[in-house]
Amino acid sequence: MAKSLLLICRRSPWSGPGAREALDIALAGGAFDLPISLLFLDDGVFQLQPRQQPAAIQQKDLTANLQALPLFGVEALYVARTDLDRRGLSAEHLTLPVTPLEDAALAALLNQHDLVITL
Amino acid sequence: MATLHLLSRSPFTDTSGASCLRLLGPGDGLLLTGDAVHALQPESQPFEVLRALPADRPLFALAEDLDARGLSTPDFVKAVDYAGFVELTLRFERTNSWL
Amino acid sequence: MKFAIALFAPPHAPSSRRALRFAEAVLAGGHQIVRLFFYQDAVHIASSLPVSAQDELDLPAAWRSFVTEHNLDGVVCIAAALRRGVLNGEEAQRYARASHNLEAPWELSGLGQLHEAAQDADRLICFGGD
């Protein structure tokens, strides 16, 4: 059976290619039918912020890549509620359907996966 | 099914250590490398946080990084060399590196 | 045991040296490295162009000898490498660039190689940061 991978995304979409390159790991894994989950943590939650206008700084829209995740079979999407709260974001107004998790549930999420990559 | 967390950034300039502690569960280990060993500076705030961790979250530090910075190994930390580092990654089910 | 090792930081990052020492210890311990995967800024480790001062550690050279000596699979992510100007002869020709800076033992390939190695190995260990 294929090993499951949890990808923890901590980069804001505006901090260079890091966020996109982390997402590319998920999309590549999904294309190989591997069980992949994503956790948005720290500034990674900014990837889910609505009303982004990346064209204003000549960047491509990461939201489009994120919305492709389900098409690649990546449907287990989580976000740390603490990090949303700290940044004034609401779980009800994000660009993707993600499951908010309390801090106490994060260690268990990690330990449910065979592999973890934090970027 | 425990995780070994690997830190490399200074706790004084980066939030990875603080976030890591939020994800550290019972049985999970923490290995400090690079500038993350500055957390073992006696009397510092991160030193006190690490000292107060429950005993079921074992703490390790890479010996060469302690030596390079002139830090000694506190009694709540086990210093490891690279052979010990490899052994730790096998003792835990998975390693999570905070890049 | 079988290890997959992935690097994310540039050659001058302390974590890229630690990754090499770790990889050496893996082999010294009688274990196997199924693949080394270089992603993000770690693609610069595979460049043949960095010049180190004589009294400084030449990490790209140290990595190159390690991979060559042990006949390891050293894969550099092609998309990350192109973006950062790390090209082999074939890619330089494809994109009409005047020169290239990636040669054997390094190979350019896709992220599937990272997944394949992680699936095949008993442990995936990532190196990045400071």
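Here is how names work: the chains are called A, B, and so on, in the same order as the sequence lines, proteins then strands, and each is numbered from 1.
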Enquirer: Checking heavy atoms, do the side chain of C/Ala4, its backbone, both or neither come under 4.5 Å from chain A?
Expert: neither

Enquirer: If I compare all heavy atoms of C/Asp120 with all of A/Lys3, which pair ends up nearest, and what's the gap?
Expert: C-NZ, 4.4 Å

Enquirer: With rounding to the nearest 0.5 Å, note down the distance linking CG in C/Leu114 to CG in A/Asp24.
Expert: 11.5 Å

Enquirer: For each of C/Ala118, C/Ala6, C/Cys126, tally heavy-atom pairs with chain A at distances under 4.5 Å, and name the one with the top tally.
Expert: C/Ala118

Enquirer: Which heavy atom of C/Arg84 sits nearest to which heavy atom of A/Pro17, and what is that distance?
Expert: NH2-CG, 3.6 Å

Enquirer: So which part of A/Leu115 gets closer than 4.5 Å to some heavy atom of chain C, the side chain, the backbone, both or neither?
Expert: side chain

Enquirer: Can you say whether C/Arg83 sits under 4.5 Å from chain A via the side chain, the backbone, both, or neither, judging by heavy atoms?
Expert: side chain

Enquirer: Which atom pair, heavy atoms only, marks the closest approach of C/Gln40 to A/Ala22?
Expert: NE2-N, 4.5 Å

Enquirer: Can you tell me if NE2 on A/His93 sees more than 12 non-hydrogen neighbours from other groups inside 6.0 Å?
Expert: no

Enquirer: Among C/Leu124, C/Leu111, C/Asp41, single out the residue with the greatest number of heavy-atom pairs under 4.5 Å to chain A.
Expert: C/Leu111

Enquirer: Which atom names give the shortest non-hydrogen contact between A/Leu5 and C/His115, and what distance separates them?
Expert: CD2-CE1, 3.7 Å

Enquirer: Heavy-atom distance under 4.5 Å to chain C: side chain of A/Leu27, backbone, both or neither?
Expert: neither

Enquirer: Considering residues, nucleotides and ligands other than A/Gln67, do more than 12 of their heavy atoms fall under 6.0 Å from its CD?
Expert: yes

